[in-house]
Number of protein chains: 2
Amino acid sequence: METVERLIRSTQELLWERGYVGTSPKAIQRAADAGQGSMYHHFSGKAQLAKAAIARSGVELRAAAEEQFAGPGTATERITRYLERDRDVVRGCRIGRLTADPDVMADPELRSPVDETFRWLRGRLAEVVAEGKRAGEYPATIDPEQTAATIAAVLQGGYVLAQAADSPEPFELAVRGLVNLLPGDAE
Amino acid sequence: METVERLIRSTQELLWERGYVGTSPKAIQRAADAGQGSMYHHFSGKAQLAKAAIARSGVELRAAAEEQFAGPGTATERITRYLERDRDVVRGCRIGRLTADPDVMADPELRSPVDETFRWLRGRLAEVVAEGKRAGEYPATIDPEQTAATIAAVLQGGYVLAQAADSPEPFELAVRGLVNLLPGDAE
DNA sequence: GTCTATAGGGAGATAGAC
DNA sequence: GTCTATCTCCCTATAGAC
């Protein structure tokens with residue numbers, strides 16, 4: 001793999017594990033097996049490298065989610081598949097954790113891929129919910145944008161609870177609780 | 001206010017804003033208007049001070065939540081009051097944000113107050129839901145522990161989405177979406 | 001209790017050789 | 001493209017005076 005690619009992927013991993021403030025250029029170089037000069041040749045510094053890594057993670061998150069949204073089945077079935085997808089729960093969300101990083105939130109260049117990713121996710125979930133309404137699966141009292149935000153929040157909050165407990169259990173409880181509240185639940 | 005108290009409160013604030021990794025002893029001293037020697041006289045170091053601050057925040061979070069849980073009304077009414085309570089949404093959750101801090105999660109002394117706080121919250125919410133079941137407000141298909149995890153997750157996830165958007169809107173959408181899904185919704 | 005001095009180490013980046 | 005040397009500043013803590 002080329003150096004640039006190794007640098008970006010290593011930064012994605014470190015950002016996931018330790019966040020922006022907790023990740024040093026030196027640590028990135030070590031993980032990417034690249035020298036100081038090499039890193040600064042390809043990127044202007046930590047911020048630009050982080051921007052590339054965050055953008056990449058955002059693209060990957062969308063692609064992974066779209067796999068479930070675009071599949072067959074009712075709205076609840078597709079949402080449930082998304083929620084119950086295999087996840088490395090105790091590692092948390094690569095994008096969501098950046099929300100706790102003040103240096104990321106303060107820099108528009110770093111924040112916008114985070115913002116965009118969640119905007120897309122909520123929008124896409126709202127479409128699925130709206131399809132469920134049109135199909136008569138959900139009553140008219142269901143608001144797509146509200147419900148979409150609720151679903152995305154259960155995921156992100158489930159990660160938080162799981163990390164606090166150092167166990168996937170709270171995440172799984174939260175997801176099952178939500179699925180159980182959704183109209184048209186299969187069980 | 002005494003020095004010890006100022007140190008703890010300043011640490012609580014900084015931990016909330018910048019997390020553990022992003023908070024330096026020097027910043028704490030500045031915020032608390034205390035000298036280097038003063039801080040190290042009262043605390044062995046950053047970790048011990050953080051422990052006191054996190055424990056304090058946990059106690060405060062419980063007390064604030066209990067105000068809504070112990071109030072009058074049906075389960076959904078009390079849960080809704082808790083969810084819709086006035087919050088500094090875009091600042092996020094003081095406890096939840098620590099979940100993204102690897103140095104906090106790695107140290108049992110720092111992690112346990114975080115873990116304990118969320119365990120208490122889920123347990124307390126489960127009690128309220130169970131009361132709702134006994135009162136006939138919720139059907140037998142509702143699982144108290146699952147539903148409690150869902151409610152706590154919507155809050156924590158709502159904070160994440162709000163911080164990403166730099167607006168309380170996603171939080172409010174997520175909360176309204178959840179309330180709308182709960183049985184016995186007043187509206 | 002609080003102050004100042006000091007210290008080893010890492011963060012983040014620049015410069016110029018190869 | 002990559003390497004090594006160098007630089008400034010801050011992190012976290014210790015030591016000992018007052």
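No experiment lies behind these values; they were computed from the predicted model shown.
The closest side-chain donor-acceptor pair between A:Gln29 and A:Gln36 falls under 3.5 angstrom. Inspection of the B:Thr147 and B:Tyr138 side chains reveals no N or O donor paired with an N or O acceptor under 3.5 Å. Defined by atom type and a distance below 3.5 Å, a donor-acceptor pair is present between the side-chain atoms of B:Arg87 and B:Tyr159.
Atom CZ in B:Phe43 sits roughly 16 Å away from atom P in D:dT12 (whole-Å rounding). The nearest whole Å value for the distance from the CD1 atom in A:Ile28 to the P atom in D:dT2 is 16 Å. Whole-Å rounding puts the B:Gln29 CD to D:dT12 P distance at 10 Å. Straight-line distance from the CG atom of B:Leu49 to the C1' atom of D:dT12: 13 Å, rounded to whole Å. Rounded to whole Å, the distance from CZ on B:Arg30 to C1' on D:dC10 is 11 Å. Separating the NE2 atom of B:His41 from the P atom of C:dT2 is a distance of 7 Å, rounded to the nearest angstrom.
Comment: A:Arg9 does not engage A:Glu13 in a salt bridge, judged by the lack of any side-chain N to carboxylate O separation of less than 4.0 angstrom. One finds no salt bridge joining B:Arg176 and B:Glu84 here, because no Lys/Arg side-chain nitrogen approaches an Asp/Glu carboxylate oxygen to under 4.0 Å. Electrostatic pairing of B:Arg122 and A:Glu169 does not count as a salt bridge here, judged by no charged N lying under 4.0 Å from a carboxylate O.
Shown for residues 5-24 of chain B: no residue has heavy atoms falling under 4.0 angstrom of DNA chain C.
For A:Thr3 and D:dG1, the shortest distance from a side-chain N or O to OP1 or OP2 is not below 4.0 Å. Contact annotation: A:His42 reaches the phosphate of D:dT2 (side-chain N/O to OP1 or OP2, under 4.0 Å).
For NZ of B:Lys46, the number of neighbouring non-hydrogen atoms (other residues, nucleotides, ligands) closer than 6.0 Å is greater than 12. Counting heavy-atom neighbours within 6.0 Å of B:Gln146 CD, excluding the residue itself, gives a total above 12.
Each of B:Asp101, B:Thr99, B:Ile95 was scored for a side chain to side chain contact (heavy atoms under 4.5 Å, CB included) with B:Arg97, with one residue passing: B:Asp101.
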Using nucleotides 13-16 of chain C, report all nitrogen or oxygen pairs with the protein that are shorter than 3.5 Å.
| residue | atom | partner | partner atom | Å |
| --- | --- | --- | --- | --- |
| C:dA13 | OP2 | A:Tyr40 | OH | 3.3 |
| C:dA13 | OP2 | A:Lys46 | N | 3.2 |
| C:dA13 | N6 | A:Gln36 | NE2 | 2.6 |

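Two different hydrophobic clusters hold B:Leu14 and B:Leu110 under the rule that ILVMFWY side chains link at heavy-atom gaps under 4.5 Å.
Relative to the axis of its first five pairs, the axis of the last five pairs of the helix from C:dG1-D:dC18 to C:dC18-D:dG1 sits at 0°, rounded to 10 degrees.
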| request: Before giving the answer on side-chain hydrogen bond (donor to acceptor under 3.5 Å, both in side chains), spell out for A:Ser112 and A:Glu116 the whole-Å C-alpha distance, their side-chain angles and the decisive distance to 0.1 Å. | output: CA-CA 6 Å; A:Ser112 79; A:Glu116 293 298 308; 6.0 Å; no
